[in-house]
Asker: 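Quick one: this structure, given as structure tokens, is what I'll be asking you about.
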Amino acid sequence: MHFNQFISRKFYSLRQTEVSPSINSKIKALVQQGKYSQALELHSKTPHSALTTAKFTFPSLLKTCASLSNLYHGRTIHASIVTMGLQSDPYIATSLINMYVKCGLLGSALQVFDKMSESRDSAPDITVWNPVIDGYFKYGHFEEGLAQFCRMQELGIRPDGYSLSIVLGICNRLSWYMAGRQIHGYIIRNMFEGDPYLETALIGMYSSCSRPMEAWSLFGKLENRSNIVAWNVMIGGFVENGMWEKSLELYSLAKNENCKLVSASFTGAFTACSHGEVLDFGRQVHCDVIKMNFQDDPYVCTSLLTMYAKSGSVEDAKKVFDQVLDKEVELRNAMISAFIGNGRAYDALGLYNKMKAGETPVDSFTISSLLSGCSVVGSYDFGRTVHAEVIKRSMQSNVAIQSALLTMYYKCGSTEDADSVFYTMKERDVVAWGSMIAGFCQNRRFKDALDLFRAMEKEGVKADSDVMTSVISAGLGLENVELGHLIHGFAIKRGLESDVFVACSLVDMYSKFGFAESAEMVFSSMPNKNLVAWNSMISCYSWNGLPEMSINLLPQILQHGFYLDSVSITTVLVAVSSVAALLKGKTLHAYQIRLQIPSDLQVENALIDMYVKCGCLKYAQLIFENMPRRNLVTWNSMIAGYGSHGNCEEAVRLFKEMKRSETAPDEVTFLALITSCSHSGMVEEGLNLFQLMRIEYGVEPRMEHYASVVDLLGRAGRLDDAYSFIRGMPIDADRSVWLCLLFACRAHRNMELGELVADNLLKMEPARGSNYVPLLNLYGEVEMWDRAANLRASMKGRGLKKSPGCSWIEVKNRVDVFFSGDSSSTRRIEIYKTLSSLKSNMEGKGCSYEGIEVC
DNA sequence: GTAGGGTTAG
């Protein structure tokens, strides 16, 4: 033994006799009562020279530090332990390792272990190995954890029941079914069978590996049916597999069986109720709790509160909270989460302020939940205050808190703060990696996100469904279809493709890539479709030019027992607008009012857009005027509305009002304005706005703006100006710009320029049939039939066809579509008759019928 | 018993 160590041991054994039993027992009592902070305070106030801490107090104190994530005290105690040469005591070493693992420092835990392994006189025994292996697993280093498990056996240390339950726990987490079965075999071979702990661990393993029926059959073979823990694990196992009905059945059976329910039986039942959102059953279990006199059990109350919160009844949750007199920190934490989960983040922050003022204990759960609340409401200032609190309480190395801080800063838009947290993170579990990857994605740093994902996998941390979701959004953000397929393949390999979040992200990704069929395939193979999945599919059809499919999905959603939410309404309204199905739009609007679906900005904007596009400017106006808040999109939609209805003055007036409301216009605003001027023939105003957008507002014009100006000049007959405008463009004009000029040439019968423009257009895209049509029409207009015939022949020779134009009309809840040149309708004679009479009516009243083709 | 990262909208 080293001399110093010898001395310190001697010193310790000497002092042991001098220990003041009163302070020791006081500390122990405080720990037992859960008054951790007071215990630590007493310990830190006790003069070091008195060394009043006995050996057996260290483990309790370390446990305290672990549960408070108080690394500062943990390290102080570690120092005392080293001073007293006790670091190789297996019981103390185990506690130290556990403390470091729980405080988020696997590295320090391993150092304690390594020091112990190096020391000659006290090799780690199984009680020390167990928390080390557990630590590796907790931080996602599964291969390393298993390697250590094997190394331990090579050193001749046989796993005990606890080791086996730790490894079984990993099989649970990673759904390692085959490994779990092997351990089951090991248990039988090595006579561990009948150990009630392992029996329940096995039931838990089979449940977590999605084999609830194998767990159930093991449960059925239990010798001791009164092992309530096994019942509880089985109740939890059913919930885990989405079989909450079975779970509640089992709870009812347990009630009638001769086994005494414990608090975990109720907590399991409450979890089942939360998953099934069966508030009624939850209330019944609440009655059982009162009948069996568990209403003062802190565990039961916490899960009861959570059940009410998850079922959406935050008021009931608050009642439970208020009724508990001796509120523990866990209950307060649950209330904070309840508020945040039900959109009342500010109440959560308020509760925290009260906790601080009342000097009630605050732990890492409180802090991490609170930070998540700050993320929801984007409260940077409050978030920073909490960050200060984290440092004050020495919680900055807790991995959950770091993850929450990172997310808070990213969501509040402060990448610098987020990055500085990022660089201090030493230990990363899968959630921490997930926070970073998601943070990068939110800041459009998709490549960084994917690099991080690869680094994570390289470190042996396996992606879970949360990480997968972010990775999919990174693939989408990079607009790389091949990568998207690769990611999909990876998700299948990991068995994550049917997770709702992953599947919804995949649907969205394929939808945005334009692969509606692939999106459909993912959607149809989803085992549990939620409303988000349905909404994603509606959005997919809208995005991919299939508005009628999108609208037709609605009755199916209702048939599946869902109520539309504001996202569904918004999404379908887009589809409704694109086919101008006014009746459908009004029905949706009525549904939204009748079911009191919250009318947020998005819904109102979509309603404005729908009414504008369906020709009801009045309704759009009404909604616009009654809106409590407006954003850029609101202004843009209404300006475009006036513009498309030929009311340019009103559009410009609104633009001025928008400026007064201090909303900065964007490129969409100017496009709406210039188009509006073009429709009303206000050429100078339009040109002026085009100049203004760049000079005064710093908005760079896009191709649409150039096309709009060409249209503006062209409609007014200023064809040469339009042509020289195109020549002076800083970017190459695309098809849309040339087409605008060609249409103008046709309208103003300018053959010379028309042919020149058409020539340009056809050089650009010779294989596009629709490019020839305006030229054909132009020849028709000036009656140059021979040229028209030549062009037709040349098109035919190249096998070119123009995709037919179409229009549609909604009558009596049905949308009819008509294609140009299609004479298949059974009522075509009536249709053409009506068109002819319309045409002559219009001519009689001196109206132009430009654009109406009567074939 | 309570926590931290993720999906749909113009």
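For clarity, every value in this text was computed on a predicted model and none was experimentally measured. These numbers come from the heavy atoms of this one structure, side chains and all, not from hydrogens, waters or symmetry mates.
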Asker: Contact class for A:K613 (heavy atom, under 4.0 Å): base, sugar-phosphate, or nothing?
Answerer: nothing

Asker: What residues form a ring pair (Phe, Tyr, Trp, His ring centres under 6.0 Å) with A:Y619, not counting sequence neighbours?
Answerer: A:Y611

Asker: Could you check if a side-chain atom of A:Q402 sits within less than 4.5 angstrom of a side-chain atom of A:Q396, using non-hydrogen atoms only?
Answerer: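 When only atoms from C-beta onward are counted, A:Q396 and A:Q402 do not touch, as no gap falls below 4.5 Å.
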
Asker: With a strict under 4.0 Å distance from non-hydrogen atoms of chain A, what nucleotide opens and what nucleotide closes the contacted stretch of DNA chain B, reading 5' to 3'?
Answerer: B:dG1 to B:dG10

Asker: Base, sugar-phosphate, or nothing for A:A438, non-hydrogen atoms under 4.0 angstrom?
Answerer: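 The answer is sugar-phosphate, as A:A438 gets under 4.0 Å only of primed atoms, P, OP1 or OP2.
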
Asker: Which part of the nucleic acid does A:T570 contact within heavy-atom distance under 4.0 Å: base, sugar-phosphate only, or nothing?
Answerer: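 Result for A:T570 = base.
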
Asker: Mind checking A:N636 for me? I need base, sugar-phosphate or nothing, with any heavy atom below 4.0 Å counting as a touch.
Answerer: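 It contacts nothing in the nucleic acid.
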
Asker: With a non-hydrogen cut-off below 4.0 angstrom, is A:V300 in contact with a base, only sugar-phosphate, or nothing?
Answerer: nothing

Asker: Contact class for A:Q402 vs. all strands (heavy atom < 4.0 Å): base, sugar-phosphate, or nothing?
Answerer: nothing

Asker: So, does A:Y308 use its side chain to make a donor-acceptor pair with the main chain of A:G282 at under 3.5 Å?
Answerer: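 No.
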
Asker: On the 0 to 90° scale, with breaks at 30° and 60°, tag the A:F515-A:Y510 ring pair as parallel, tilted or perpendicular.
Answerer: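 Aromatic pair A:F515/A:Y510 classed perpendicular.
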
Asker: Give A:V532 one of three labels, base, sugar-phosphate or nothing, depending on what nucleic acid heavy atoms sit under 4.0 Å from its own.
Answerer: base

Asker: At 4.0 Å (heavy atoms only), tell me whether A:K512 reaches a base, stays on the sugar-phosphate, or touches nothing.
Answerer: sugar-phosphate

Asker: Applying salt bridge (Lys or Arg N to Asp or Glu O under 4.0 Å), can you list everything that pairs with A:E459, at least two apart in sequence or on another chain?
Answerer: none

Asker: What contact category does A:T302 fall into here, base, sugar-phosphate, or nothing, at under 4.0 angstrom with non-hydrogen atoms?
Answerer: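 The residue A:T302 makes base contact.
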
Asker: Using a 4.0 Å heavy-atom cut-off, does A:T271 contact any base of the nucleic acid, only the sugar-phosphate backbone, or nothing at all?
Answerer: nothing

Asker: Could you tell me whether A:D429 contacts a base, only the sugar-phosphate backbone, or nothing, with contacts defined as non-hydrogen atoms closer than 4.0 Å?
Answerer: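 Base contact - A:D429 has a heavy atom under 4.0 Å of at least one base atom.
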
Asker: Base, sugar-phosphate, or nothing: which does A:V399 touch, judged by heavy atoms less than 4.0 Å apart?
Answerer: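 If one applies the 4.0 Å heavy-atom cut-off, A:V399 turns out to touch a base.
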
Asker: Would you indicate what A:N605 reaches in the nucleic acid, counting non-hydrogen atoms under 4.0 angstrom: base, sugar-phosphate, or nothing?
Answerer: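 Contact class for A:N605: base.
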
Asker: Just checking A:V507: base, sugar-phosphate only, or nothing, at a heavy-atom cut-off of under 4.0 Å?
Answerer: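 It contacts nothing in the nucleic acid.
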
Asker: Counting N and O atoms only, with roles assigned by atom type, does the side chain of A:T267 sit under 3.5 Å from a partner on the main chain of A:A264, one being a donor and the other an acceptor?
Answerer: yes

Asker: Would you tell me whether A:S394 and A:N70 have side-chain atoms, one donor and one acceptor, within less than 3.5 Å of each other?
Answerer: no

